[in-house]
Amino acid sequence: LADPLGDLREHISRLWNLPLGQRVRLDLRECEMPWLEGRLDLARAPDLPLNPRHTLALRIGAFEFSHRQIVAWALV
């Protein structure tokens, strides 16, 4: 069965230049956790129309953060 949100997730991933749905290590700023490792997912859907200048709510596991807190990322 195809993922109905797959195309949207891919579009968001390209606009924000982030590997959504993939396993990553993130270095974060202004956060009690200086780095996280795990599957990068949306914490909630962004507002429409999509605009990469708007804040994107993300999560790894139960830990939520903003795309603006990401200093660097790498696939693992």
Side-chain angles (χ1 to χ4, degrees):
L1 228 129
D3 179 2
L5 299 178
D7 289 342
L8 178 60
R9 189 178 298 113
E10 285 180 32
H11 187 64
I12 292 168
S13 191
R14 281 192 307 272
L15 278 175
W16 274 267
N17 192 31
L18 292 169
L20 293 176
Q22 297 187 53
R23 190 164 173 75
V24 296
R25 178 190 159 117
L26 302 175
D27 294 330
L28 301 171
R29 74 172 132 240
E30 300 170 7
C31 185
E32 67 263 17
M33 308 262 310
W35 64 271
L36 289 173
E37 189 172 306
R39 180 186 154 124
L40 182 62
D41 288 311
L42 292 171
R44 60 193 151 276
D47 292 333
L48 296 176
L50 296 176
N51 184 338
R53 287 179 280 171
H54 294 167
T55 301
L56 187 63
L58 301 167
R59 69 180 174 85
I60 289 182
F63 192 84
E64 293 189 17
F65 52 94
S66 156
H67 84 280
R68 298 179 195 278
Q69 292 175 270
I70 300 173
V71 176
W73 61 264
L75 296 175
V76 293

Do Arg59 side-chain atoms and Arg39 backbone N/O form a donor-acceptor pair below 3.5 Å? no
For the pair Gln69 (side chain) and Glu30 (backbone), establish whether a donor and an acceptor sit closer than 3.5 Å, ignoring hydrogens and angles. yes
[atom2] on [Y] to [atom1] on [X], rounded to 0.5 Å:
| X | Y | atom1 | atom2 | result |
| --- | --- | --- | --- | --- |
| His11 | Ser13 | NE2 | OG | 11.0 Å |
| His54 | Leu48 | NE2 | CG | 11.0 Å |
| Leu15 | Leu50 | CG | CG | 6.0 Å |
| Leu26 | Phe63 | CG | CZ | 10.5 Å |
| Ile70 | Leu40 | CD1 | CG | 6.0 Å |
| Ile12 | His67 | CD1 | NE2 | 12.0 Å |

Any heavy-atom pair between the side chains of Arg44 and Glu64 that's under 4.5 Å? yes
So Arg23 and Glu37, do their side chains get closer than 4.5 Å, heavy atoms only? yes
Hydrophobic cluster identity match, Met33 and Ile60, side-chain contacts under 4.5 Å: yes
In this structure, would Leu20 and Leu75 fall into the same cluster of hydrophobic residues linked by side-chain contacts under 4.5 Å? yes
Taking it one step at a time, do Arg25 and Asp27 satisfy salt bridge (charged side-chain N to carboxylate O under 4.0 Å, His left out)? CA-CA 7 Å; Arg25 178 190 159 117; Asp27 294 330; 3.6 Å; yes
